[in-house]
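A short worksheet on the structure shown next.
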Amino acid sequence: MRIATWNVNGIRARLGPVTDWLRDRAPDIALLQEIKTQDDGFPREAIAALGYEIHTHGQKGFNGVAILSRLPVSDVMRGLPGDEADGQARWIEATVTGTRPVRVACLYLPNGNPAPGPKYDYKLAWMERLRARARAILASERPAVLAGDYNVIPTPQDARRPEAWAQDALFLPDSRAAFRRLEHLGLYDAIRLRHPDGGHYTFWDFQRGAWERDDGIRIDHHLLTPQAADLLTDAWVEREMRGGERPSDHVPVWVQLDA
DNA sequence: ATGGTTGTGCGACAA
């Protein structure tokens with residue numbers, strides 16, 4: 001079972017690249033963030049025609065997440081629990097069954113800039129809700145993958161120029177500490193497990209020639225329960241997608257599980 | 001210090 005997460009930065013603007021990618025790379029499961037459309041605006045036909053079941057949690061103009069799967073999907077849950085008043089579409093979760101069932105969550109963690117301020121407060125509160133949900137998923141003692149745009153640079157080796165991010169919500173000490181708290185529950189960062197060398201950036205800003213300078217950061221992650229980590233056979237970043245036609249500012253990040 | 005770019009949707013705002 002191969003699972004890819006990709007912040008597409010607008011599914012309608014990216015429909016060509018996304019359908020080409022689904023056809024060429026054929027992920028079993030694709031977890032998309034920032035679809036930037038309501039559910040009824042999602043281009044279902046073009047993607048369903050490639051053999052994918054589609055489950056969306058959309059929002060007008062901003063945010064929005066989706067699960068695309070060539071394998072059977074069950075028990076879909078929309079919205080991160082813990083705040084009934086939160087209307088932002090940043091979480092969808094489901095069970096996908098290959099040779100065995102895997103619980104998969106697709107998340108778009110708040111950016112949090114500018115920090116300090118209400119947006120940063122929302123980010124940290126959201127991460128605390130994520131921790132509660134992760135704890136419940138871990139308690140099932142089953143294979144589960146929590147993947148998406150975490151908007152957190154976990155360590156200095158995850159940025160080409162860490163000093164440039166010192167005051168940014170993606171790298172502030174409280175953001176990194178909250179990410180570590182997730183890991184300390186017993187979740188494993190798949191790219192870190194397979195590639196402890198650093199680099200492996202997943203995002204390059206559209207501005208200032210960031211891609212041409214390889215001025216990247218690693219903010220898109222797969223966090224695995226121990227039962228999923230036991231099944232992990234590979235993890236990689238599809239870096240070359242950033243140089244393609246009409247790219248997103250993020251690239252796909254993959255895991256392969258023996259499941 | 002500022003401005004640089006992209007997407008949504010048509011004026012800002014988010015990133």
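Quick caveat, the model's predicted, so the values are computed rather than measured. Chain A is the first sequence line, chain B the second, and so forth, proteins listed ahead of strands; every chain is numbered from 1.
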Non-hydrogen atoms of A/L231 and A/A259 that approach each other most closely: CD1-CB, 4.1 Å
Non-neighbouring partners of A/F171 that pass ring pair (Phe, Tyr, Trp, His ring centres under 6.0 Å), sequence neighbours left out: none
Stretch residues 10-20 of chain A: residues that reach within less than 4.0 Å of DNA chain B through a heavy atom: A/G10, A/R12, A/A13, A/R14
Gap in Å between the two C1' atoms, one belonging to B/dG9 and one to B/dA14, rounded: 13 Å
Check: A/Q33 side chain, A/L31 main-chain N or O, donor-acceptor pair, under 3.5 Å: yes
Close N/O contacts between protein and nucleotides 1-3 of chain B (under 3.5 Å):
none

Close side-chain approach of A/W126 and A/Q88, heavy atoms under 4.5 Å: no
Whole-Å P distance, B/dG3 and B/dT8: 25 Å
Could you go through residues 72-81 of chain A and list every donor-acceptor pair under 3.5 Å that involves a side-chain atom there, pairing it with any protein atom two or more places apart or in another chain?
unit_1 : atom_1 : unit_2 : atom_2 : d
A/R78  : NE     : A/T56  : O      : 2.7
A/R78  : NH2    : A/T56  : O      : 3.4

Salt bridge flag under 4.0 Å for residues A/K123 and A/D174: no
A/I219 CD1 to B/dA15 P, straight-line distance once rounded to whole Å: 11 Å
Side-chain donor or acceptor of A/N63 paired with backbone N/O of A/A89 under 3.5 Å: no
B/dA1 versus B/dA12 - spacing of their C1' atoms, nearest Å: 23 Å
Stepwise salt bridge (Lys or Arg N to Asp or Glu O under 4.0 Å) test for A/R180 and A/E183: CA-CA 5 Å; A/R180 285 198 302 274; A/E183 295 184 292; over 6 Å; no
Along DNA chain B (nearest heavy atom to each residue), the more 5'-positioned of A/G112 and A/F206: A/F206
d(CD1, A/I217; C1', B/dA15) in whole Å: 11 Å
Length of the line joining A/D215:CG and B/dT5:P, which is rounded to integer Å: 16 Å
Whole-Å gap separating C1' (B/dA15) and CZ (A/F203): 7 Å
Basic-acidic side-chain contact under 4.0 Å: A/R242, A/D214: no
Nearest-angstrom distance, C1' atom, B/dC10 to B/dG4: 23 Å
For A/L71 against A/E53, the heavy-atom pair lying closest together: O-OE1, 3.8 Å
Plane angle bin for A/H221 and A/Y150 - parallel if under 30°, tilted between 30 and 60°, otherwise perpendicular: tilted
Hey, what are the protein-to-nucleotides 11-14 of chain B N/O distances that come in under 3.5 Å?
unit_1 : atom_1 : unit_2 : atom_2 : d
B/dA14 : OP2    : A/K119 : NZ     : 3.1
B/dA14 : O5'    : A/K119 : NZ     : 3.0

Partners meeting salt bridge (charged side-chain N to carboxylate O under 4.0 Å, His left out) with A/R194 (sequence neighbours left out): A/D234
A/E34 CD to B/dT8 P, straight-line distance once rounded to whole Å: 10 Å
Separation of B/dA15 P from A/D220 CG (nearest whole Å): 14 Å
Rounded distance (Å) that lies between atom P of B/dT5 and atom NE2 of A/H250: 18 Å
Interatomic distance where CG belongs to A/D249 and C1' belongs to B/dG4 [whole Å]: 14 Å
